[in-house]
Each structure stands twice: as C-alpha cells, then as structure tokens.
Amino acid sequence: MLRIYSVALGLCLLSGCASLPEFYAPPPQRQPVERELLVIDQPLLDMGNPTVERYFVSDIDRGPQMASWRWTGRHPMVRIPLKSTENFRYLMEFAVADSTFKDTGPLTITYKVNGHVLDRVRYDTSGRRTYEKPVPATLLNPMSDNILSAELDKTWRSPTDGHELGIILIRFGLAQ
C-alpha cells in the first residue's frame, strides 16, 4: 500500500513540473495621437509655389516644379486646411486658352465648396479671368481640410494622344 501511495505521490509531483511561459512586461501605454492640422499661411495656392502639389486632390497637372501655371482637366480640385471659417472668398485666377476655345466654344464652370455649389458662370470668350465670391462660413469646416473644386462643362481633347485640357490655372483657393 505504501508503494501505491509513493507512486501516486510521484506522479502528482511529476505532473506539476511544467515550465512556466516567459514573462513579458506590458507594452508602454500611449495617449492617442491627434492628427495635427497642417494649416498653410495663405490658403490661396499659387501654382508657382514649390510645395503646392501637396494640396492637389485631382485633375491638376503635376508638371514641372516652379511652373507659374498648370493645365487642369474637367474637375480640378484642391484641399485647403483651415483653422477658422470666417471672412473667406473663393478665388480662382485662370485663363481660357485661345487654342482650346476655338474648338470648344463657350465654357461653363461650376464652383464648389465641400461639394456645395457656390456659383455657376459661363465664359463666352477666351483670355485671363479672375473668379471671386464670398464663401458663407457654414460651407467651410473649421480645424479641417476643405475641398474646393471647379467643374468644367467641357474640355479640349488632343486628337493625337487623347489628353484632355481644361483651363490654365494660375491661383486657386481662399482669400481673406
């Protein structure tokens, strides 16, 4: 009987001989990082600025740096980070090229702020233009990127490579 107890005690002792898992300290706890809003000094983008391309969303040629103008497609769009929303005017300086206008004819541009139509203007001649209109503060988002866009009703298409050309963009954004 003593022998059975000895064997049972030995089995109990052997069954408890498992190696413990390695101990790891918990990872350091960090506070969530809030995305810093990279507000630009002047929310009016000059196409000659070497850093302007970081604000392009779509349909603006990323041509040679330091070019004072850029061709657009049908839907040029930029993002403008703002801290406040008071007293801004939508401003776009551009040109309707003679060479494209002779084929396309009059051009209508719809100006939008964060997807909301601000205005629609028809241009019956080619040449340099400035569009400027106050933006209601309710259309802008404080402490956030704001999307400005211009939708052209038509573009000129190259017969050789099919490339679309809209307008020649010089400055685009918000002015105070």
If you look at every heavy atom in Asp103 and Ser99, which pair is closest and at what distance?
-> OD2-O, 4.2 Å
Are Met92 and Thr130 close enough that some pair of their side-chain heavy atoms sits under 4.5 Å apart?
-> no
For Asp124, the salt bridge (charged side-chain N to carboxylate O under 4.0 Å, His left out) test, sequence neighbours excluded, returns Arg122
Is there a donor in the side chain of Glu164 and an acceptor in the side chain of Thr155, or the other way round, less than 3.5 Å apart?
-> yes
Closest non-hydrogen atom pair between Asn146 and Leu139, with its separation = OD1-O, 4.4 Å
To the nearest 0.5 Å, tell me how far Lys154 NZ sits from Thr104 OG1.
-> 6.0 Å
Is Arg128 paired with Glu93 through a side-chain N to carboxylate O contact shorter than 4.0 Å?
-> yes
Ring pair (Phe, Tyr, Trp, His ring centres under 6.0 Å) contacts touching residues 136-176 (sequence neighbours left out) | Tyr90-Phe172
Between CD1 on residue Ile80 and CG on residue Asp145, distance to nearest 0.5 Å = 9.0 Å
Using atom types as modelled and distance alone, determine if a side-chain donor or acceptor of Arg89 lies under 3.5 Å from a backbone N or O of Gln176.
-> yes
Can any side-chain N or O of Thr100 pair as donor or acceptor with the backbone N or O of Ile167 at less than 3.5 Å?
-> no
Backbone of Asp153 reached by a side-chain donor or acceptor of Arg74 within 3.5 Å = yes
Which atom names give the shortest non-hydrogen contact between Arg79 and Arg54, and what distance separates them?
-> NH2-O, 3.1 Å
Is any side-chain heavy atom of Leu118 less than 4.5 Å from a side-chain heavy atom of Tyr131?
-> yes
Hey, does Leu148 have a side-chain heavy atom less than 4.5 Å from the side chain of Leu174?
-> yes
What are the two closest heavy atoms between Leu107 and Val96, and how far apart are they?
-> CD2-CG2, 4.1 Å
Answer with yes or no whether the side chains of Ser126 and Asp98 bring together a donor and an acceptor at under 3.5 Å.
-> yes
The reported gap from CE in Met47 to CG in Asp61 (rounded to nearest 0.5 angstrom) is 11.5 Å
Please name the pair of heavy atoms, one in Ala97 and one in Ile168, separated by the smallest distance, quoted to 0.1 Å.
-> CB-CD1, 4.0 Å
Rounded to the nearest 0.5 Å, the CD1 atom of Ile109 sits from the OG atom of Ser149 at a distance of 11.5 Å
Nearest-0.5 Å distance, NZ of residue Lys112 to CD1 of residue Ile147 | 12.5 Å
Is a side-chain donor or acceptor of Ser144 paired with a backbone partner of Asn141 at a separation under 3.5 angstrom?
-> no
In Å, rounded to the nearest 0.5 Å, how long is the span from CH2 of Trp69 to CD1 of Ile60?
-> 13.5 Å
